[in-house]
Amino acid sequence: MNMSGEIAGKMKYRILLIEVEKLDQMAFERFVKKEKLPYDYTIAASVSEANCLLESCQFDAIISDYSLGDGTALDILSLVKDIPVILTTAADDEHVAVEAWKAGASDYIAKDFGRNHLESIPKAVESAVNRRNLEDALERKQKNLEAIFDAAPV
């Protein structure tokens with residue numbers, strides 16, 4: 001890995017998976033290994049555990065189940081503003097999806113019994129991180145333009 005976080009031309013993403021169910025955690029780990037995804041991931045099993053990790057570590061994206069034992073993914077969304085959150089849930093509830101979008105979720109993936117939903121994760125992560133990078137670049141350009149404008153003689 002070089003200093004920019006790339007491996008053989010592929011970006012290495014720092015992912016926080018927030019998932020209570022041990023079987024779903026293991027399925028995610030197997031999927032990442034099988035697909036050779038460029039993820040450096042950490043797993044949290046609750047909102048409080050995720051909060052501790054978020055205070056001490058940097059992440060490019062968060063993949064969070066909706067129901068987390070000591071809270072919900074909406075609690076995670078209220079904790080972070082600058083990290084894309086991809087919500088996964090077995091509930092497949094339209095109300096949950098709408099609430100998640102309103103709270104700032106980057107994507108919403110319905111879990112299925114065969115865990116085929118995992119195949120949607122790489123594209124969702126790539127899209128979410130790219131969107132965040134574009135938003136950051138636009139914000140920097142806006143600040144630069146404002147500084148130029150402020151410094152220009154009237």
Side-chain angles (χ1 to χ4, degrees), residues 1 4-142:
M1 185 162 71
S4 66
E6 289 188 25
I7 294 179
K10 250 191 163 172
M11 185 68 172
K12 182 102 170 166
Y13 296 116
R14 295 164 303 186
I15 305 292
L16 174 59
L17 174 69
I18 310 170
E19 175 61 65
V20 175
E21 297 296 325
K22 191 70 175 161
L23 287 176
D24 286 337
Q25 292 175 7
M26 291 167 42
F28 176 82
E29 291 180 292
R30 278 193 310 274
F31 180 73
V32 168
K33 286 182 180 108
K34 183 182 109 191
E35 297 297 320
K36 296 180 174 73
L37 295 174
Y39 295 174
D40 183 10
Y41 61 88
T42 303
I43 298 175
S46 65
V47 172
S48 56
E49 189 178 343
N51 191 27
C52 289
L53 287 165
L54 288 164
E55 289 175 357
S56 60
C57 304
Q58 293 289 322
F59 296 98
D60 296 311
I62 297 170
I63 302 166
S64 179
D65 189 17
Y66 181 75
S67 298
L68 299 171
D70 63 345
T72 68
L74 298 179
D75 296 314
I76 299 299
L77 285 161
S78 71
L79 291 173
V80 296
K81 296 297 177 212
D82 58 345
I83 304 171
V85 177
I86 299 160
L87 178 68
T88 63
T89 182
D92 197 17
D93 181 340
E94 193 173 299
H95 175 73
V96 169
V98 169
E99 290 303 309
W101 291 114
K102 284 181 182 177
S106 180
D107 210 335
Y108 178 91
I109 299 171
K111 288 183 178 181
D112 60 290
F113 182 70
R115 293 189 175 84
N116 296 317
H117 70 280
L118 292 171
E119 294 173 10
S120 300
I121 287 178
K123 189 172 187 172
V125 167
E126 186 79 23
S127 176
V129 172
N130 285 341
R131 187 171 40 248
R132 168 53 52 201
N133 290 341
L134 284 172
E135 289 170 357
D136 289 347
L138 284 172
E139 188 176 319
R140 283 192 307 273
K141 282 191 181 285
Q142 178 67 30

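Values below: all heavy atoms of this structure, side chains included; hydrogens, waters and symmetry mates excluded.
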Can you name the nearest heavy-atom pair linking [X] to [Y], along with the distance?
X: Val47; Y: Gly71; answer: CG2-CA, 3.9 Å
X: Ser46; Y: Ile18; answer: O-CG2, 4.0 Å
X: Val20; Y: Ser67; answer: CG2-O, 3.8 Å

query: Looking only at atom types and distance, does a side-chain atom of Glu19 sit under 3.5 Å from a main-chain N or O of Ile43, one as donor and one as acceptor?
result: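 Absent.
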
message: To the closest 0.5 Å, what do you measure between OG1 (Thr88) and OH (Tyr108)?
response: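 Result: 9.5 Å between the selected atoms.
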
field: Glu135 bridged to Arg132 by N-O distance under 4.0 Å
entry: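 Salt bridge between Glu135 and Arg132, a charged N being under 4.0 Å from a carboxylate O: yes.
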
task: Write out all pairs satisfying salt bridge (Lys or Arg N to Asp or Glu O under 4.0 Å) with one or both partners inside residues 52-71, taking only residues at least two apart or from two chains.
output: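 Those involving residues 52-71 are Arg14-Asp60, Asp65-Lys111.
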
task: For Gln58, enumerate each residue passing the side chain to side chain donor-acceptor pair (under 3.5 Å) test, keeping only those at least two apart in sequence or located in another chain.
output: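 Scan of Gln58 (side chain to side chain donor-acceptor pair (under 3.5 Å), adjacent residues dropped) gives none.
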
query: Which residues pass the side chain to side chain donor-acceptor pair (under 3.5 Å) test with Glu119, sequence neighbours left out?
result: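 Side chain to side chain donor-acceptor pair (under 3.5 Å) check on Glu119 returns nothing, list empty.
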
Please list every donor-acceptor pair under 3.5 Å in which a side-chain atom of residues 74-83 meets a protein atom from a residue at least two apart or in another chain.
from: Asp75; atom 1: OD2; to: Thr72; atom 2: N; distance (Å): 2.8
from: Ser78; atom 1: OG; to: Asp75; atom 2: O; distance (Å): 2.7
from: Lys81; atom 1: NZ; to: Leu77; atom 2: O; distance (Å): 3.3

query: Taking only residues two or more places apart in sequence, or in another chain, which ones meet Glu21 in a salt bridge (charged side-chain N to carboxylate O under 4.0 Å, His left out)?
result: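 Residues passing salt bridge (charged side-chain N to carboxylate O under 4.0 Å, His left out) with Glu21: none at all.
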
query: Quick one: ring-ring contact (aromatic ring centres under 6.0 Å, His included) pairs with a partner in residues 17-63, sequence neighbours left out?
result: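 Qualifying pairs, neighbours excluded: Phe28-Tyr41.
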
